[in-house]
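Whatever order the structure lists ligands and atoms in, that order sets their numbers, starting from 1.
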Amino acid sequence: MLTLGIETSCDETAVAIVDEHGRVLSDVVHSQVSTHAVYGGVVPELASRDHLQNLVPVYRAALDRAGKRLSDIDGVAVTCGPGLSGALLVGMQMAQGLAWSRGLPIVGVDHLVGHLLAVFLQHPERTSPAPEFPFIALLVSGGHTAIYRVEGSDLSQITELGATRDDAAGEAFDKVAKLTGLGYPGGPVIDRLAAEGDPDRIVLARPMRRKESLEFSFSGLKTDVARWVEANGPLQNDQRLRDLCASFQRNVVETLLNKTFRAAKQQGLATVVLAGGVAANRSLRARAADYAERRGMRVVIPHLSHCTDNAAMIALAGSYQLRRGENHAGTLEMSPHTALERVTRKGAGRR
Ligand code: KG4
Ligand code: ZN
């Protein structure tokens with residue numbers, strides 16, 4: 001069964017074709033970074049226009065690379081939220097048009113569920129086998145940061161255990177990069193500079209050190225960086241900048257992993273999954289392996305290309321929904337908030 005996935009929730013225009021085993025036949029991503037970089041962040045209006053311009057070529061490339069035609073596809077999956085409304089609409093309209101033209105079933109996919117299930121996508125460079133349910137997942141992206149207990153692929157089987165009270169981890173990376181003149185997006189450049197810095201030379205706040213809580217807060221750390229930059233003048237591309245990045249990144253990474261592995265212990269689970277754009281961070285990946293080894297646990301992380309936004313994860317999450325018999329033909333709706341929050345709140349009320 002082949003599912004064609006479309007992702008346009010933010011600044012990546014992506015189309016992928018995936019089978020029900022997580023085999024990726026094609027996975028095409030057009031990044032809009034160069035459009036938005038000059039503004040220091042994503043400009044929603046420009047994102048929609050870029051999607052409109054690029055979605056058809058990206059779709060054609062996805063079919064070509066897979067060696068398939070639309071008539072070979074069994075179902076269409078599209079991100080229906082959370083994300084920028086105008087950007088989402090471009091992908092959803094395209095998906096509806098494709099599904100309608102061939103009478104295919106279509107499903108709207110929650111972007112966060114896509115991230116959480118990306119760990120089941122196959123990749124030739126991946127050595128670790130996929131995890132088994134249930135597991136603990138840390139989802140760290142530009143818009144969300146939360147820890148989940150994941151019992152299965154259905155929304156109702158995913159429970160939020162703790163989330164950020166303010167900024168998402170990726171947002172903190174992006175804001176710190178802006179403060180230090182490193183441009184947008186901040187994650188990859190801080191990742192690179194931090195590797196050449198000493199995390200102990202500049203002391204910054206440790207976010208939410210309260211041990212018992214599974215909630216995060218990154219705004220204090222961000223303010224600390226802002227104060228340090230104000231007191232120490234503009235930073236050129238020098239060693240102090242590398243040290244600042246290293247200290248900031250270490251504090252974020254240690255807080256994320258401390259709480260995630262504490263959640264695993266509390267829940268009696270030995271498998272931890274990382275997901276979302278920040279899971280591409282090299283230090284987070286390496287330290288997660290250390291944490292797991294020390295505790296006799298297992299950590300499974302998607303291939304780098306499946307951590308940041310992509311359509312393969314949407315196609316796979318959608319293929320699970322299609323196999324459950326879901327079909328949103330004629331009823332597809334945009335959801336500005338993640339459906340996970342609704343399910344979790346309902347679930348929390350029951351307990
Ligand atoms: O999942 P994603 O591609 O989009 C959202 O759903 O938000 O995540 C984007 C976020 C951005 O904040 C970006 O700075 C961050 O992921 N990111 C990283 C790295 N690569 C991307 N953060 C830290 N280290 C990285 N290597
Ligand atoms: Zn994302």
Side-chain angles (χ1 to χ4, degrees), residues 5-14 16 27 29-33 36-37 40-42 44 47 78-84 87-88 91 109-119 121 137-146 163-164 167-180 182-197 216 218 221-222 245-246 248-257 273-288 301-314 316-317 336-338 340:
I6 298 181
E7 156 64 40
T8 62
S9 66
C10 192
D11 58 345
E12 261 91 28
T13 312
D27 182 8
V29 180
H30 169 84
S31 167
Q32 300 180 358
V33 161
H36 303 289
V42 178
V78 61
T79 306
C80 62
L84 305 168
L88 287 165
V109 175
D110 188 295
H111 183 80
L112 301 189
V113 175
H115 273 304
L116 287 175
L117 300 179
V119 72
L121 288 169
L138 169 69
L139 197 161
V140 265
S141 72
H144 292 84
T145 292
T164 182
D167 294 346
E171 201 179 347
F173 271 94
D174 295 339
K175 284 181 178 167
V176 164
K178 202 168 181 179
L179 280 169
T180 48
L182 289 172
Y184 175 85
V189 59
I190 291 181
D191 187 346
R192 191 164 43 75
L193 291 178
E196 298 158 8
F216 300 100
F218 295 106
L221 173 59
K222 181 191 64 194
C245 289
F248 163 77
Q249 179 175 279
R250 193 261 315 271
N251 287 9
V252 173
V253 164
E254 296 304 317
T255 303
L256 289 173
L257 293 177
V273 164
L274 305 187
V278 182
N281 185 271
R282 287 175 298 169
S283 168
L284 181 67
R285 297 168 84 91
R287 290 289 295 142
I301 316 175
H303 183 263
L304 275 181
S305 61
H306 295 146
C307 288
T308 46
D309 285 349
N310 65 87
M313 67 183 195
I314 301 303
L316 183 65
H337 302 293
T338 172
L340 273 179

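- In this structure the side chain of Asn310 never reaches within 4.5 angstrom of the side chain of Glu7, judged on heavy atoms.
- Leu316 and Leu117 get closest at one heavy-atom pair: CD2-O, 3.7 Å.
- Using a 4.0 angstrom heavy-atom cutoff, His111 counts as in contact with ligand 1.
- Listed by number with element, the atoms of ligand 1 under 4.0 Å from a non-hydrogen atom of Gly143 are 7 (O).
- For Ile190 against Cys245, the heavy-atom pair with the smallest separation is CG2-CB, 4.0 Å.
- Interface atoms of ligand 1 facing Gly277, defined by a heavy-atom separation under 4.0 Å, are 1 (O), 2 (P), 8 (O), 16 (O), 17 (N), 18 (C), 19 (C), 20 (N), 21 (C).
- Ligand 1 places these atoms under 4.0 Å from at least one heavy atom of His115: 1 (O), 6 (O).
- The protein heavy atom nearest to atom 2 (P) of ligand 1 is Asp309 OD1, 3.3 Å.
- Set against the non-hydrogen atoms of Gly142, the atoms of ligand 1 under 4.0 Å away are 5 (C), 7 (O), 8 (O), 9 (C), 10 (C), 12 (O).
- Nearest heavy atom pair, residue Pro302 against residue Arg285, reads O-NH2, 2.9 Å.
- Excluding water, every protein N/O/S atom under 2.8 Å from the Zn ion (ligand 2) is given here by residue and atom: His111 NE2, His115 NE2, Asp309 OD1.
- In this structure the side chain of Leu112 reaches within 4.5 angstrom of the side chain of His144, judged on heavy atoms.
- The protein heavy-atom contact nearest to atom 14 (O) of ligand 1 is Asp174 OD1, 2.7 Å.
- Residue nearest to atom 24 (N) of ligand 1, selected from Val42, Asn281, Val29, Val253: Asn281 (by heavy-atom distance).
- For Ala280, the heavy-atom gap to ligand 1 drops under 4.0 angstrom.
- Annotation: Gly187 places an N or O atom under 3.5 Å from an N or O atom of ligand 1; distance criterion only.
- What you find for Ala172 and Phe218 is that their closest heavy atoms are CB-CB, 4.0 Å.
- Interface of Thr308 with ligand 1, defined as ligand atoms under 4.0 Å from a residue heavy atom, comprises 3 (O).
- Put simply, the side chain of Thr145 does not reach to within 4.5 Å of the side chain of Val278, judged on heavy atoms.
- The shortest distance between side-chain heavy atoms of Leu340 and Leu116 falls below 4.5 Å.
- Counting atoms of ligand 1 from 1 in the listed order, those under 4.0 Å from a heavy atom of Gly170 are 12 (O).
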Discussion item. Evaluate His306 against Asp27 for side chain to side chain contact (heavy atoms under 4.5 Å, CB included), listing each step before the verdict.
Written reply: CA-CA 10 Å; His306 295 146; Asp27 182 8; 3.3 Å; yes
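- A heavy-atom distance below 4.5 Å is found between the side chains of Asp11 and Tyr184.
- For the residue pair Asn281 and Leu284, the shortest heavy atom distance occurs at OD1-N, 2.9 Å.
- Protein heavy atom in closest approach to atom 26 (N) of ligand 1: Asp191 OD2, 2.9 Å.
- Taking every heavy atom of both residues into account, Pro82 and Ser9 meet most closely at O-CB, 3.8 Å.
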